[in-house]
Amino acid sequence: MKTILNRLLSFTLLLVFTLAANAQDTRFKVLPAEQTGLKFSNTIVETEALNVLSYEYFFNGGGTAVGDINNDGLPDLFFTANMGDNKLFLNLGNRKFKDITQQASPQLKGRQGGWKTGVTMADVNGDGWLDIYVCYSGKGEDDMRRNQLFINNKNSTFTESASAYGLDDKSLSTQAAFFDFDNDGDLDMFLLNHSNKKIDNMELARYRKDVDELAGSKLYRNDNNKFTNVSASSGIRQNPLTYGLGIVVADINQDGWQDVYVTNDYNEPDYCYLNNKDGTFKDVAGDCFRHLAQFSMGADIADFNNDGLPDLINLDMLPEDNKRQKLLQLQENYESFELMTSQQLHKQYMRNMLQLNNGDGTFSEIAQFAGVSNTDWSWCPLFADFDNDGYKDLFITNGYLRDYTNKDFLRYWGDYKVRKAIDREPAKLMDLVQAMPSTNLYNYMFRNTGNLSFTNQKEAWGITSSGISSSAVYADLDLDGDLDLVVNRINQDALVYENTSDKKGPVNYLNIQVQYKDKNLFGIGTKILVYAKNSKQYFEVNPARGYLSSLPANQHIGLGTASQADSVILIWPDQKRQALTGVKAGYHTISYGANTIPNSPAPTFQPLFSTVSKSWIAYQHQPVEINDFKRQLLMTFMYSQTGPVIKQADLNKDNRMDLILAGNPNVGPDIYLQQANGQFEKRQVSLPASDFNRFISDMEFADVNGDGHADMYLAMGGYAYQEPGDSSLQDLLYINDGKGNFNLAATALPATNRSAKSVVKAQDVDADGDLDFFVGGRIVPGAYPVNPESYLLINDGKGQFSKASIPFAEIGMVTDAAWADLDKNGRKELVLVGEFMGIHAFENENGNWIDKTGKLFPSGLNGLWFSLAISDVDKDGYEDIIAGNIGTNTQLKFDQAQPMELYYADFDQNGSIDPFLNFYIQGVSYPFVSRDELNDQMYSMRRKFSSYKDYSTATMEDIINPDELAKAGKKNATESKTLVLLNKKGRFEKQYLPAQAQFSIITEILTEDFNKDGLPDLLLLGNKSDNRLKIGSIEANYGCLLAGDGKGGFRYIAQPETGLKIKGDCKSALTFQKEGSSYLLIGLTGMPIQVLKY
Amino acid sequence: MRWIIICIFLFTAIESKSQVKGFEQELQPAVFSLTMVMMHDVVNPPAAARYYTYSTLGAYDFMAMLNKELPHPSTLFRHYRELEINPDVKKLDVGFTAIYSIYEAGIELLPSGFMLEKQQAAFEEKYRKKGITAAKLEYSKEIARKYVAHVLAFSKTDNYNKLSARIRYTPSKQPGSWYPTPPGYIEAVEPNWRTIRPMLLDSGEQCKPLPPVAFSQEKTSAFHQLAMEVYEVANAASQEQKEIAAFWDCNPFAISSSGHMMVGFKKISPGGHWMNIASIASTKARLPLDKSIYVQAITAATLMDGFISCWDEKYRSNRIRPETFINRQIDSKWMPLLQTPPFPEYTSGHSVISAAAAEVLTHLLGDNFAYTDDTEIMFELPARTFSSFRQAAQEAAISRLYGGIHFRDAIENGVTQGKEIGAIIVSKLKGSVVARGPVNNR
């Protein structure tokens, strides 16, 4: 007994020791300034004259540059301080640094009274020694803002020479990037500037052509160390609306010429400048990206998923936690958003954007999928492999000294002015400044999981110092084979994290310094491809990245378990290719060599789909111009947009399929009859003239009267304009005369106007030889999320229908339906999916409807389903189900353990349904609604929560008392992923589809052998842009083709291989045969019908 | 003859039993405390007028119960019924009860009404110290609360709480339609205010104004000329015109942005401004408390009806603001002197409610009633002196042209609309004149 106790005790002790050891043994360790000698702090002193209210970029922070200024192999550091002295530190080795500012050049400290910003280390004059360029901004006189260039005297001293080089620019500068934009062998300069006067009017397209010499960015061309301002002819934007905060240089489109990404704060969109190879740039941000960060700050470009393509991240300021989301200002103004998009400012949202390069000129924004979208007031993102596992991780700095968007503070501000006025006292800015709350925030260290996502390693890796962090750099400061971190902070010592990976075991890495020629000896713009085992990694030598920072020119490459790189391929700026094989782990310098060969462009292959140059159907969809949230303020999505709808049927029995298109508000379907020559004859079907607000949401073609011709059923949808019972919600049945002419059978259908419908499917339900209809109810107009009525309409054989009683008449908000014999018992089940619904199956057994859901499907399938397809994907003779969900690339995170919940009732008894969406944030379920929205929806709440702070921690029970909540309606969702249910002989098994299928809402699923390998594939289409602004447009799907392996497994086919670049909200899609060829037809909201051949 | 009437008033007042005097001086601070909370809450102009109405109605009903010379609110206000209680007047303090009820109503009605609790307590403490017995205070409070509860129940039937169930305004892209304006691009304020039950009018449509000048982008059109007038007047505004515009700005929430921060500079709403004018005039006329309360209550109801009528037209014509039109057609960088408020342009709200209030105040306190308006001093805007309420209303109306936020027809037709509203209300008030002329002019 005693021994057992002893053993237990020692085991416990052992456990404690192990835990304690683990706690200290984090990957990163803070090195105190006393130890390193890096005594530097960006000290900000707030005064009545100079503070965040008088200068809005007061807390944007100081810059950090890392580079080897004395060519001794050790990375040295330079920090800028906005108000205090800049400092240059020489790396003495062994993690010791020496402040050599005074000896190197007293001027390096910066101009007294000037406002220093970004700093860059670059070999400006091409002599092989790093020079230092310091930017200035602020409210001072022009001459206080002239940027400084410190030329390296090759003896650890510098001479300020900006004027001699023509670089003593007096703009309001954020940062400079040196790179060779014209491929002439020397470094040119892009100077990123910002405006200092906010222009609130958003109808100012004409401002965009103005040139503001101080605010607009500038491009300087280097001609023999004389820099010439060539901005005017370069195509870059220089208007007073630009607020440049971040710049990254990279060959974004992989054409061998350096491109530039510039982020802009506020309403001005970011610019993605592609190099036109003729000294000019073209901004393609609107083409490449579906949406952008609104208050864009720092940015980085790197290939984080190891597919050889550079990806982009840029930062914004959406907090991670519920409390700060509720306390700080968020985007909720639909009016200004609408104006923003109408002014070609693109869709911009307040969150970090991770733009995954699809390789075809498009990017999928997946920050929410990847888990890196909400990192609060973030400045500097850096992609680098901090754990040497072969995948680039992501470090993000965070912090702002004053929470000046705190909504309680904003209210206080208004009252303060009034109170001071009443007391006849002058309003003091400092009173306000000091009233602003200050929150120390944590930085983020995301480990790349290798499957397109990241996990925060704050605790595990020891990135736990809080503060106000600004710029940051990484470098292997101690040459021990792992990347250390240095962060420039406000009012605190610079933070130095030593990476101790090497002490935890062997680290495999390459550190490659390239040596190029001419005046670009550091090889800026060189590409490095590293192959090790089965992995490929891609790097570009471009120190301009992050925020106010410049990074090492040498590239640090983690090799994971490989002790060497199988091969290293360099593509030099002159597009020569140089290959090395069997490169051992460790430090290497690779010089531009004789054994280079011209780099041949990557082989292009014939994509599976190609856009038909001239579409044969001139159908242009007209969107419904309405904001559904004006009717029910607290909904998450809009529902009015139902079109376009595309269907095919042989309407005139000529053995050629005809096309039917519908969906324009209050307009009947257009019939396109296919002629023998492949042309189409267009006919129009008119809707009854008496009503308006008709929105066709689905069509079905079925012979209802037994004359052998396909008749037409029109299901009516919509939301904003209708009331339940309106005649405009009544479905319509048209009888085909056999020649493709349709006549309304005005009395054929019973009343179907209690709900807006989404789907209609014909089936002989009662086995009486005629076709009946199931019509799925989508929503009750004005009463989301009350269960709408679905209908089963029974045919009397002559085309006269009556409403059957069904147990699933109010099953939920149905989005899609299908008839299929899932259990192979000879009777077809009705399969239903919907929003906040499970996947359901009902079978008609001799007039009795049997719910087979529980028998067939696993539990926990409540989701936000938008589509459904039935197909035997594993070729076992049983029909499988593919169901399209909302995906995981949204703010709405939910699963079995942390379900998303929707409570609804007319809580304030004013005649409107008050829906409250709740989902988990950091382990607690909170209402999604902001205090302002809540107050607008329920006036009584204005009293309940007297401040934003009061509301910031409120859960559902704090808003509605438990008694009332218990009486309210409740829906939940536990599954967000698009998946396949594999039919194992009548019992279904859940299998998730690949990551790319989860990037967006899936609204259409086509099953076919698209790649013609004999196995069934899936084509997933989707997107939905009409959502709450806090959700934003969900549109990372450009057409996702998943190749099937015939066993139920699927593999994503890259976009360049498929040729799919579908941009927009897909509402319908089908494959169509014409003249022996296959076509893909896609209906996008507000767009012409897309026709692709395959 | 006038002297006699005044004497009767004085006599009535003196005769008012063993009551504490001086509550006349408590009325303005009480109503103004509501104004302060409404500023804090950024209550929009139509909603503010509604709050003033219900906050003063209890006190008015109570006073009308005691002084049968005052027309009872149930004879004036649609659907309003008298509170049928018979309080023992000897056990309460009349002035205290009335003023207390105003604070109490504010606490109950206003979103941040709790902010008034301290002031209400201080008010009670003051009169406790002045010698009102605890029993009397308690009974007075009890009666005040009964009136407030009665009014609150009445307020719940005016459709206000159904507003959030109605479809809001989606900006139209039609060229002449109102579109949200810089810098805040705030969503249209109270698009369904027409559905609120008016106090004295039959409906919001009763005083429907002439239609606005037809929209046109043609340079020769009447509409373009209206826009050019705003542009030119604003660009050449004199110092006095600028002062007038600022004096009547009354924007509850003019947004100013600094970086990421959008802050609102708060001011008293147009209705709040006229409530204070009514206070200033009542004080100047040395009205006793009951008459002062009557003036406050009728002014508030007039403002409420004025806004209902005006908002009915605003969302009928949905007309574009000068700033939007001028930016699109004349000068892309032009900004009006005042910040454009977030609702359609036609008719001018300040014109309508100022004209209506001026008619009613003229009826109640006399024409050519000169007074000095120091309401805006707290916003560093010097006091202005007016020879009559109507002169003030005219100035308030035309200030919107100087301020660059209204076209002339919205001002002129708005004044006509307001006068009509005023005339209808005055006709209902017949025989209830409080003072026959300005006290100071005799």
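Numbers restart at 1 for each chain; the letters A, B, ... are given by sequence-line order, proteins then strands. Nothing here was measured: the structure is a model prediction, and the numbers come from that model. Every heavy atom of this structure was used, including side-chain atoms; hydrogens, water molecules and symmetry mates were not.
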query = Taking atom CD of B:E187 and atom OG of A:S336, what is their separation to the nearest 0.5 Å?
reply = 11.0 Å
task = First locate atom CD1 of B:I167, then atom CG of A:L633, and finally report the distance between them rounded to the nearest 0.5 Å.
result = 12.0 Å
Using a cut-off of under 4.5 Å on heavy-atom pairs, state which of [options] scores highest against chain A.
{"options": "B:K267, B:M36, B:E323, B:H40", "value": "B:H40"}
{"options": "B:I186, B:D41, B:V42, B:I107", "value": "B:I107"}
{"options": "B:N161, B:T181, B:T324", "value": "B:N161"}

ask   = Can any side-chain N or O of A:R631 pair as donor or acceptor with the backbone N or O of B:R166 at less than 3.5 Å?
value = no
inquiry  = Any side-chain to backbone donor/acceptor pair from A:N333 onto B:G184? Under 3.5 Å, distance only.
reply    = yes
inquiry  = Counting only heavy atoms not in B:M335 (residues, nucleotides, ligands), do more than 12 fall under 6.0 Å from its CE?
reply    = no
query = Near A:K630 NZ, under 6.0 Å, is it more than 12 heavy atoms from other residues, nucleotides or ligands?
reply = yes
Considering only heavy atoms, which portion of [X] lies under 4.5 Å from any heavy atom of chain B: side chain, backbone, both, or neither?
{"X": "A:D403", "value": "neither"}
{"X": "A:D936", "value": "both"}
{"X": "A:Q632", "value": "neither"}
{"X": "A:I913", "value": "neither"}

query = With a 4.5 Å limit on heavy-atom distance, are the side chains of B:P171 and A:E338 in contact?
reply =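 Contact flag for B:P171/A:E338 side chains = no.
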ask   = Is the closest side-chain heavy-atom distance between A:Y334 and B:T170 below 4.5 Å?
value =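 A:Y334 does not reach B:T170 side chain to side chain.
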task = Report yes if the distance between the aromatic ring centroids of B:Y185 and A:F337 is under 6.0 Å, otherwise no.
result = no
task = Please confirm whether B:K333 makes a cation-pi placement over A:Y207, using NZ or CZ under 6.0 Å from the six-membered ring centre and within 45° of the ring normal.
result =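 Judged by the rule (NZ or CZ under 6.0 Å from the ring centre, within 45° of its axis), B:K333 counts as positioned above A:Y207.
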Please state whether the side chain, the backbone, both or neither of [X] comes within less than 4.5 Å of a heavy atom of chain A.
{"X": "B:P182", "answer": "side chain"}
{"X": "B:L110", "answer": "backbone"}
{"X": "B:L109", "answer": "backbone"}

Heavy-atom closest pair, residues [X] and [Y]:
{"X": "B:K266", "Y": "A:D415", "result": "NZ-OD1, 2.8 Å"}
{"X": "B:G113", "Y": "A:R943", "result": "N-NH1, 4.3 Å"}
{"X": "A:R942", "Y": "B:Y160", "result": "NH1-OH, 3.8 Å"}

query = Between A:L339, A:N196, A:N935, A:N627, which shows the greatest number of heavy-atom pairs under 4.5 Å with chain B?
reply = A:L339
Donor-acceptor pair between B:S164 and A:N910 side chains, under 3.5 angstrom =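 Checked: B:S164/A:N910 side chains pair up, N/O donor to acceptor below 3.5 Å.
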task = Kindly indicate, with the supporting measurements, whether the criterion salt bridge (Lys or Arg N to Asp or Glu O under 4.0 Å) is fulfilled by B:E380 and A:K420.
result = CA-CA 11 Å; B:E380 291 158 25; A:K420 283 287 167 187; over 6 Å; no
